[in-house]
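Heads up: numbering here begins at 1 and tracks the sequence.
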Amino acid sequence: MGNYLSNAGPDFTAGEVKLKSIPEYQYNKDMKKELKAGRIKKEDLAELYESMLVIREFEEMILKLKNGAYETLSDYEYRGPTHLSIGQEATAAGVCSALNITDEITSTHRGHGDSIAKGFHAIKRMTEAQLKARCPEFSALSGDALLEAVLEDHVFRTIAELFGKEAGYGKGRGGGMHIADFRVGHLGANAIVGGGIPIATGAAMTNRIDIDPAHKGKVVCAFAGDGAYANGVVLESFNWACQGQFTDPALSSINFGLPIIYCLINNHFGMTGRADREVTGVSPLVRRAAGFSNENMHAEVVNGMDPLAVRDAIERAKKTIAEGKGPVMLEFNTYRYFGHSLSDPRTEYRTKEEEALWKAVDPVPCFRQKLIENGVFTEEELAKMEANVVERNKKAARRAADSDDPKAEDVIKYMYTDTTSEVVPAPYNQLMKRGERPVIKRDAESRITYKDAIKEGMIEEMERDARVVLYGEDVADYGNAFKLTKGMLEYFGRARVFNTPISEAAIVGTGVGMAMTGYRPVVELMYMDFALMASDQISNQAAKWHYMTGASTKVPMVIRCSVGGGKGYGGQHSQSLESIFAHIPGTYVVYPSNPYDAKGLIKTAIRDDNPVVFVEGQLLYNVKGVVPAEDYTIPFGVANVLREGSDITFVGWGPAINDAVKAADLLAEEGVSVEVIDARTLVPFDWETVFASVRKTGKCVVMSQCVDIGSFTGEIVSKIMEECFDSLDAPVLKIGAKNGIAPQAHCLEKAFLPSVEEMVAAAKKIL
């Protein structure tokens, strides 16, 4: 094979690349022999069967509810999604039966079964003290009665979330497609196909580098269907997980692959189309692993209709991971007996003959038959277990239907958290340096540049809190495209500062996973234009998980992205897109205009427990200002009145503020007193400071470098008109870039961006 290492020189010798084989259906163990040898216990088999029963009963309840045939809730009208996984019980139960309480999973919109199984098997492993801590209301109980009460509570909270009730796992905010239980490592089901895969990958990154010994040894299982395994961010995640820098001793001090198992649940249908033989060109689908790892990610095809085969594959995968050889990819060949949803009759794309062949290997009755044939349980024992599962579900369903709905006035409760990391817990409150601290030089007036102010703020926060990590394209040895992070790799080491593939969606998505599992990533997208490549992970993932889980998790991450407007970089490297993300509830949006604010705001952003889109103006990078060397922060939602005035108010942010000050100087020469307000943060926005100024001056111009149409400037104008109408002496105006695409030509770009002259002209128009 040709040698691609530059220091070894090229080798163009003729040859061929040989790919390793992928094993299929390796499990062939005899149940009786396994029991006799003690490799599996009767209790394990009972737990597996009951787990599948709980899933099947839950899913059939949904089916009956939709058809009006569930007698227990004949008076209840269920409204919600109906993505059933009937037929896939062996995969959920088999996987989760092999996991520890603290091991983590992510799941899909068809994830009721995964959620039930993770909670069920975790509860079965809890001590009595853990059971009581989980459900303090059952503290008076003990033994089997306590266990049964907690299991029923698990089913109850699952159904309550499905019904949109306050008692649900997400307080009814997320519903069944977004169900999560962080107490047992369930990081959430995801309604975006493949959306949870980068989150799981990020969680595995946390587990890989976490310095807390209590968190060591955890694995992540990422459930995704066959349809997801052609999704861009999923393939990006596989490439991400297999990076050589995670295992190459020359690049990593940890030398441990990502502890993640990608569980490809191949039920043979994306929605109505088949992944295999229709919309993909590989079979089995797990062959995709060969494209990302020389070891094929230790891929294997497993009988997904046999819970013991599934369990065995997961146990072997965990051993591979324990040896530092992760990640692992497993394809579970299974089937779902119903359509994508209950509105899908399946008749257009399936045959009855096909379904009959798969129903002949239905995991629930087939496993039941094996338990009887091998003398593990009698018919009476299994019938008793089955009746108990049915009765438990009935009681839980009735409780859920009768439980309280969320209060209408709380419709946006949990949108943001008001917590921060002002106190860093042990063991993360220690300086973990690897080399010399980067030197940030101040001039004789104690001034540093805007980019050095951001760098100094990040260094101080990484010194203060070992959970803060920095990664993105080219941020390591080279120091990012603008040399802003130069020296940080040498100081903190590659576990905390490292390069990434050119995969913006995976950069942000893995950050979401790290944030949800206790770390505080600062991820860089180089140019804000590239945030559109990551918009799902910013808008549907980072922004929403705190709300959708009813505040069960937080997403403390910073998404740094620079704006290149004014440099002649054209339409794909010059866009100021902060207004887009100000429109997405759940994210904060910050844009400092000067070095002092840049340091104070980046530190606040890193400490805040909400996801923050932190925008940096490239034309500001070399602007100098006085910046204290000591620690300080600037609160979000507090605007800065740069200049007081009495005749007119200017409101803006980012580079537009510097032009606004110049415009104010020109107007001052004509006797006009301008009050200039730097918003600093768009979300949260300091409305009261703006309102107070406008009520004083009676006139206002709002300005930014965003394209004028749809800009956040329009929101500010609207709110001023709403709140300050009686104080206004003229219409409120707004100024932005032209409603077009940023041109490359200097003369055109100058005409495209708002100018000082335009600001002066706007002011004179209403003075």
- Message: Test: ring pair (Phe, Tyr, Trp, His ring centres under 6.0 Å). Region: residues 178-225. Which pairs qualify, not counting sequence neighbours?
- Response: none
Considering all heavy atoms of both residues, which atom of [X] and which atom of [Y] are nearest to each other, and what is their separation?
| X | Y | answer |
| --- | --- | --- |
| Leu308 | Tyr27 | CB-OH, 3.5 Å |
| Val155 | Val54 | CG2-CG1, 4.1 Å |
| Val364 | Met52 | CG2-CB, 4.2 Å |
| Asn296 | Ala289 | O-CB, 3.1 Å |
| Gly339 | Asp344 | CA-OD2, 3.2 Å |

Determine the interplanar angle of the [X] and [Y] rings, folded into 0 to 90°, and report it as parallel if under 30°, tilted if 30 to 60°, perpendicular if over 60°.
| X | Y | result |
| --- | --- | --- |
| Tyr414 | His546 | perpendicular |
| His268 | Trp358 | tilted |
| Tyr335 | Phe269 | perpendicular |

- Task: Report the residues that fulfil side-chain hydrogen bond (donor to acceptor under 3.5 Å, both in side chains) with Glu60, sequence neighbours left out, ordered by chain and then residue number.
- Result: none
- Message: Show every side-chain hydrogen bond (donor to acceptor under 3.5 Å, both in side chains) that has at least one partner inside residues 33-43, sequence neighbours left out.
- Response: Glu34-Arg39
- Task: List in chain and number order the residues that pass side-chain contact (heavy atoms from CB on, under 4.5 Å) with Ala92, two or more places apart in sequence or in another chain; answer none if no residue qualifies.
- Result: Ile55, Asp114, Ala117
- Who passes side-chain contact (heavy atoms from CB on, under 4.5 Å) against Asn239, sequence neighbours left out? Phe292, Pro501
- Item | Pairing residues for Tyr49 by the ring pair (Phe, Tyr, Trp, His ring centres under 6.0 Å) criterion, not counting sequence neighbours | none
- Message: Using salt bridge (charged side-chain N to carboxylate O under 4.0 Å, His left out), reason through Asp181 and Lys118 one step at a time and then give a plain yes or no.
- Response: CA-CA 9 Å; Asp181 183 2; Lys118 186 63 172 84; over 6 Å; no
- Item | Side chains of Ser97 and Glu47, donor plus acceptor under 3.5 Å | no
